[in-house]
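See below for the structure under consideration.
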Amino acid sequence: EAGVTQFPSHSVIEKGQTVTLRCDPISGHDNLYWYRRVMGKEIKFLLHFVKESKQDESGMPNNRFLAERTGGTYSTLKVQPAELEDSGVYFCASSQVRGVQETQYFGPGTRLLVL
Amino acid sequence: AQSVTQLDSHVSVSEGTPVLLRCNYSSSYSPSLFWYVQHPNKGLQLLLKYTSAATLVKGINGFEAEFKKSETSFHLTKPSAHMSDAAEYFCVVSGPDTGRRALTFGSGTRLQVQP
């Protein structure tokens, strides 16, 4: 079974440009999460999809970030325009909840550097 | 609100000696607790999880953790360190405190293993 995949693995852009990150969850997983780790900080939650619906977007830092999950499969996270403080590692995770048990499986992350 | 505190940002051990990575949590309810590991340039991998069954949880690669409610701790241990254990380890909590399923991460402990 393929794991969570993310693309690209690395992205270097200039301040003010737009970047789109993609996440493909494990097949059959309805839950998809985005997290990020900015330099020197903890990994922080951004948002949670259940299928194509945003269940919780309380962690999104501002309106420069737009996440979509059309069709309930893969998800994209767009940053427009990018700022220096957006640099960090963006992780995607997916899960399938069974009763009260849930384990989130993470992708390798996208390392974003904004210059 | 729930939180986790990893008491050591860096731990250095010699190969073949025991590993102890400390984690304390704060949660109003019975939480789910996890340890994830991130090897250099890799994604986050689940080591083990506690979900209110046995208090001693065994994970992959010889790691285990013990849930101690009276001490609000979930320390990670391994009897004998291997060079391949060098990585960053994250203690993670989730739970029904806020009705959200987002994970809350500790700040991470970087484990060095000396030959």
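No hydrogens, no waters, no symmetry mates; every other heavy atom, side chains included, goes into these values. A, B, ... follow the sequence lines: proteins, then strands. Residue 1 opens every chain.
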Rounded to the nearest 0.5 Å, how far does NZ of A/K44 lie from OG1 of B/T104?
8.0 Å
Residues in residues 13-21 of chain B near chain A [non-hydrogen atoms, under 4.5 Å]
none
Linking I/L/V/M/F/W/Y whenever their side-chain heavy atoms sit closer than 4.5 Å, directly or via other members, would B/I60 and B/F67 fall into one cluster?
yes
For the atom pair OG1 (A/T103) and CG (B/L48), what is the distance rounded to the nearest 0.5 Å?
10.5 Å
List the atom of B/Q38, the atom of A/F91, and the distance in Å for their closest heavy-atom pair.
NE2-CZ, 3.5 Å
Atom NZ of A/K78: over 12 foreign heavy atoms under 6.0 Å:
no
Can you hop from A/W34 to A/V38 via hydrophobic side chains spaced under 4.5 Å?
no
Separation of A/R111 CZ from B/N41 CG (nearest 0.5 Å):
5.5 Å
Establish whether B/Y25 and B/V37 are linked, either directly or via other cluster members, by ILVMFWY side-chain heavy-atom contacts under 4.5 Å.
yes
Side chain, backbone, both or neither: which part of B/Q45 has a heavy atom under 4.5 Å from chain A?
neither
Does B/F105 have its ring centroid less than 6.0 Å away from the ring centroid of A/F45?
no
Would you say A/I13 ends up clustered with A/V89 if hydrophobic residues are merged whenever their side chains have heavy atoms under 4.5 Å apart, either directly or through other cluster members?
no
Within one Ile-Leu-Val-Met-Phe-Trp-Tyr cluster: A/F7 and A/F65, side-chain cutoff 4.5 Å
no
Among residues 15-25 of chain A, which ones touch chain B with a heavy-atom distance under 4.5 Å?
none
Are any non-hydrogen side-chain atoms of A/Y33 and B/R101 less than 4.5 angstrom apart?
yes
Decide yes or no on side-chain contact (heavy atoms from CB on, under 4.5 Å) for A/F106 and B/K42, but give the supporting numbers first.
CA-CA 10 Å; A/F106 282 79; B/K42 300 287 187 182; over 6 Å; no
Taking a cut-off of under 4.5 angstrom between non-hydrogen atoms, the residues of residues 106-115 of chain B near chain A are B/G106, B/S107
Under a 4.5 Å heavy-atom criterion, the part of residues 74-92 of chain B in contact with chain A comprises B/E88, B/F90
Contact class of B/L103 relative to chain A, heavy atoms under 4.5 angstrom
both
